[in-house]
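Indexing begins at 1, ligand by ligand and atom by atom, following the structure's order. Throughout, numbering of the chain's residues begins at 1 and tracks the sequence.
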Amino acid sequence: MHQQSPIGVFDSGYGGLTILKELVKQLPQYDYLYLGDNARAPYGTRSFETVYQYTLEAVQWFFNQGCELVVLACNTASAKALRTIQQKDLAQFGPSKRVLGVIRPTAEVIGRFSESGQLGVLATKGTVISESYLLEIAHFFPDMTVFQQACPMWVPLIENGEHEGAGADYFVKDSLDQLMSQSPAIDTVLLACTHYPLLIPKIEAQLPKHIQVVSQGEIVAQSLANYLERHPAMADHCSKNGHIRFCTTDSTTDFDEKGAIFFGKSLKSEHILLGH
Ligand code: DGL
């Protein structure tokens with residue numbers, strides 16, 4: 001029997017579920033294997049070396065599960081680990097294995113959203129420091145000016161289920177004020193962290209009405225659909241039973257409860273260990 005080969009979707013925790021939700025919407029025929037490294041989240045404040053090590057362990061786990069294609073649905077892992085994994089580690093896993101990220105597909109299209117050419121990027125500290133968005137966007141849209149703002153309190157608030165609470169208002173306003181003080185001409189704000197879509201109502205309430213808030217789910221799903229069209233051998237290899245399996249490195253009870261908020265549907269997870 002042909003081994004099942006789901007598309008692997010990885011995040012430090014729950015955020016990647018906002019991407020998976022769109023992947024399933026646009027490409028429902030495929031099987032997916034989601035892994036949240038909740039036991040070691042957040043990644044956003046960790047060093048390059050640590051994020052690389054953790055992400056590599058996850059990628060290895062996906063390949064051991066039969067995946068051929070893995071999407072790092074986490075900007076921090078994409079910024080800090082993807083290039084090294086692609087250039088240094090991938091060859092040892094086999095010639096047909098692929099790992100994709102979320103930064104490049106976003107950078108490829110983000111210029112189309114802005115009229116002023118002034119873009120605000122909200123992300124974790126790790127993503128901001130990596131300057132990955134500055135480099136990638138300059139490549140595709142050299143005339144665009146990009147202003148970055150780290151929002152270190154946002155992921156902890158979201159992971160703790162406080163994203164709808166009054167406490168979140170303060171931190172959302174604080175980070176947005178800092179972003180907008182860099183340039184009043186910003187007309188597009190990119191949520192460059194897969195957790196942030198949960199804060200959209202508060203973000204939109206704080207920003208002037210003419211500013212467009214862009215999240216990555218649809219962009220990444222469209223890009224994956226294009227990728228699979230351009231790579232028919234990979235598309236053929238990925239199994240298609242419309243099945244989704246959810247795994248977490250921490251409590252399954254917590255994952256099932258909080259994950260449902262991100263995924264927009266109830267789900268049932270399994271516990272796995274990484275790095276053993
Ligand atoms: N969801 C991750 C991202 O897109 C960050 C969460 C974390 O800090 O672990 O960057």
Quiz prompt | Which of the ligand 1 atoms, numbered from 1, are nearer than 4.0 Å to a heavy atom of Gly44 | solution = 7 (C), 8 (O), 9 (O)
Practice problem: Under 4.0 Å, heavy atoms only, figure out whether ligand 1 is touched by the backbone of Ser12, its side chain, both or neither. | Solution: side chain
Self-check item: Protein contact to atom 3 (C) of ligand 1 [nearest heavy atom, distance to 0.1 Å]
Solution: Asn75 N, 3.3 Å
Practice problem: Check whether any side-chain N or O of Ser130 sits under 3.5 Å from a backbone N or O of Thr127 as a donor-acceptor pair, and report yes or no. | Solution: yes
Quiz item: In the protein, what heavy atom is nearest to atom 10 (O) of ligand 1, and what distance, to one decimal place, separates them?
Solution: Thr76 OG1, 2.7 Å
Self-check item: With Ser116, the side chain to side chain donor-acceptor pair (under 3.5 Å) member among Thr145, Asp187, Thr188
Solution: Asp187
Practice problem: Out of Tyr14, Phe262, Tyr43, indicate the one that has the non-hydrogen atom closest to atom 7 (C) of ligand 1. | Solution: Tyr43
Quiz item: For ligand 1, is Gly13 a contact, meaning one of its heavy atoms is under 4.0 Å away?
Solution: no
Exercise. Consider every N or O of Thr124 and every N or O of ligand 1, then say whether any pair is closer than 3.5 Å.
Key: no
Quiz item: In terms of residue, atom name and distance, what is the protein heavy atom nearest to atom 2 (C) of ligand 1?
Solution: Cys74 SG, 3.4 Å
Quiz item: Leu100 pairs by side-chain contact (heavy atoms from CB on, under 4.5 Å) with which of Val70, Leu82, Leu69?
Solution: Leu69
Self-check item: Same apolar cluster: Phe10 and Ile103, side chain cutoff 4.5 Å
Solution: no
Quiz prompt | Name of the residue among Leu224, Leu23, Asn241, Leu228 meeting side-chain contact (heavy atoms from CB on, under 4.5 Å) with Tyr30 | solution = Leu228
Quiz item: Counting both backbone and side chain atoms, is some N or O of Asp11 under 3.5 Å from an N or O of ligand 1?
Solution: yes
Self-check item: Distance, nearest 0.5 Å, that separates CG of Leu90 from CZ of Phe63
Solution: 5.5 Å
Quiz item: With distance as the sole criterion, is a donor-acceptor pair present between the side chains of Thr248 and Ser269 under 3.5 Å?
Solution: no
